[in-house]
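I have placed the structure first, in the form of structure tokens, so that the comments after it can refer back to it.
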Amino acid sequence: MGEPHPIEPPATFVTRRDERWYGRFRLRFAQVSPWPDPHATFIRVRPGWRPLVEETLALVTAEMPKQNWPVHLLNQKVHGRGWEFDLGPPEADYLGLELLSDICYIDIRNLHRLIDLLAPALEDAHFFVYSMGDGLDQWADEVRVHDGRCGVARWFVTGEAWIDFPALCAELGDSRAGDEAFGRFVGLMSEQRGA
């Protein structure tokens, strides 16, 4: 398994293609906490911060119009039924991370940058981002939003991430025995793998 490699989100969005970070990805967002989910991540927006999130997303999509962003601003009352989530009161807003198209072409550092920009508006969350193929994607990025700050670490796997991700989580679970949320997540991943 090795050690994770810390990633510092870039200070600005990246526009020059760097093959180490850019790719044709089928992204998955496996959420550890606060709600474990093997496929999508929902991060609650702090009450009163929705306008800032809307403005940031509008500016970013205008600045990079050709980018297919797997990021969505959702409201429990408006979107909960269609998106099949029931996480809080009707007025609660969430940043949803889920790839709705089949693939996206993205410099993954831009996703790190966007999450970092939005972190002050978000409640605490812990999730992984990895790709389901279309190239040898041998990484899984572990993202933590805590106290309005974002931290990212990259784990490397020997095979393809979509195959080796559950094994990586099981190994991490062994080393994080006291982390109840991570234990629940590993249990969910094991159920998914067995299904």
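Quantities reported herein were computed from a predicted structural model and do not represent experimental measurements.
Of all heavy-atom pairs spanning Leu74 and His79, the tightest one is CA-ND1, 3.4 Å. Summarising the geometry of Arg176 relative to Trp155, their closest heavy-atom pair is NH2-CZ2, 3.8 Å, with the distance given to 0.1 Å. Asp124 and Asp147 make their closest contact through OD1-N, 2.9 Å (heavy atoms, listed as atom of the first residue, atom of the second, distance). Scanning all heavy atoms of the two residues, the minimum distance from Ala170 to Val186 falls at CA-CG1, 4.2 Å. Listed here is the closest heavy atom pair of Asp102 and Leu99: O-CD2, 3.8 Å. Minimum heavy-atom separation, Ala30 to Pro38: CB-O, 3.7 Å.
For the pair Arg28 and Tyr130, the cation does not sit on the ring face, since its NZ or CZ is not both under 6.0 Å from the ring centre and inside 45° of the axis.
In the model, His126 has a side-chain atom that pairs as donor or acceptor with a side-chain atom of Glu142 under 3.5 Å.
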Any chance you could lay out the side-chain contact (heavy atoms from CB on, under 4.5 Å) test for Arg17 and Glu19, step after step, and finish with the verdict?
CA-CA 6 Å; Arg17 185 181 289 190; Glu19 299 303 325; 2.9 Å; yes
Which is it for Ile7 and Trp21 under the side-chain contact (heavy atoms from CB on, under 4.5 Å) test, yes or no, and what are the steps along the way?
CA-CA 11 Å; Ile7 298 173; Trp21 300 97; 3.9 Å; yes
ring-ring contact (aromatic ring centres under 6.0 Å, His included) for Phe29 and Phe128? Distances and angles first, verdict last.
CA-CA 6 Å; Phe29 298 88; Phe128 287 88; over 10 Å; no
Step-by-step side-chain contact (heavy atoms from CB on, under 4.5 Å) determination, Gln138 to Thr158
CA-CA 7 Å; Gln138 297 181 295; Thr158 54; 5.6 Å; no
Apply salt bridge (Lys or Arg N to Asp or Glu O under 4.0 Å) to residues Arg20 and Asp18 and explain how you reach the verdict.
CA-CA 5 Å; Arg20 295 172 299 169; Asp18 181 337; 2.5 Å; yes
Between Val32 and Phe127, is a side-chain contact (heavy atoms from CB on, under 4.5 Å) present by the stated rule, with each step listed?
CA-CA 5 Å; Val32 176; Phe127 60 96; 5.7 Å; no
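Taking the centre of each ring, Phe25 and Trp139 come in below the 6.0 Å mark. Between Trp35 and Tyr94, the distance from one ring center to the other falls under 6.0 angstrom. Less than 6.0 angstrom separates the ring centroid of His72 from the ring centroid of Trp83.
Hydrophobic clustering, with ILVMFWY side chains joined whenever heavy atoms are under 4.5 angstrom apart, keeps Leu87 apart from Leu95. In the hydrophobic clustering of this structure, Met189 groups with Ile163; members are Ile, Leu, Val, Met, Phe, Trp, Tyr whose side-chain heavy atoms approach within less than 4.5 Å, directly or through other members. Val71 and Val14 are assigned to two separate hydrophobic clusters, defined by single-linkage of ILVMFWY side chains at heavy-atom distances under 4.5 Å. Linking ILVMFWY residues whenever their side-chain heavy atoms come closer than 4.5 Å, directly or via other members, places Leu57 and Val143 in the same cluster.
Screening Leu27, Leu97, Val152 for a side-chain contact (heavy atoms from CB on, under 4.5 Å) involving Val129 leaves a single residue, Leu27. When each of Gln67, Arg24, Lys66 is checked for a side chain to side chain donor-acceptor pair (under 3.5 Å) with Tyr105, only Arg24 meets the rule.
Between the side chain of Asp116 and the backbone N or O of Pro9 there is no donor-acceptor pair closer than 3.5 Å. Looking only at distances, a side-chain donor or acceptor of Gln76 sits under 3.5 Å from a matching main-chain atom of Phe85. A distance-only check finds a donor-acceptor pair linking the side chain of Arg46 to the backbone of Pro120 [under 3.5 Å]. Checked by atom type and distance alone, the side chain of Gln31 never pairs as donor or acceptor with a backbone atom of Pro36 at under 3.5 Å.
Between Val45 and Leu52 the shortest side-chain heavy-atom distance does not fall below 4.5 Å. Taking 4.5 Å as the limit, every side-chain heavy atom of Leu118 sits out of range of all side-chain heavy atoms of Val145. Looking at Phe156 and His5, their side chains come closer than 4.5 Å, going by heavy atoms from C-beta outward. At least one side-chain heavy atom of Trp69 sits less than 4.5 Å from a side-chain heavy atom of Thr61.
Here the OG-CZ distance, from Ser131 to Phe165, works out to 12.5 Å after rounding to the nearest 0.5 Å. For the atom pair CZ of Phe13 and CZ of Arg109, the computed distance is 12.5 Å after rounding to the nearest 0.5 Å. Distance check: Asp164 CG to Glu171 CD gives 9.5 Å after rounding to the nearest 0.5 Å. How far CG of Leu122 is from CG of Asp93: 11.0 Å, rounded to the nearest 0.5 Å. Between the CG atom of Asn75 and the NZ atom of Lys77 there is a distance of 8.5 Å, given to the nearest 0.5 Å. Here Ile115 contributes atom CD1 and Asp141 contributes atom CG; the two are 9.0 Å apart, rounded to the nearest 0.5 Å.
When the shell of 6.0 Å around CD of Glu84 is examined, it contains 12 or fewer heavy atoms from other residues, nucleotides or ligands.
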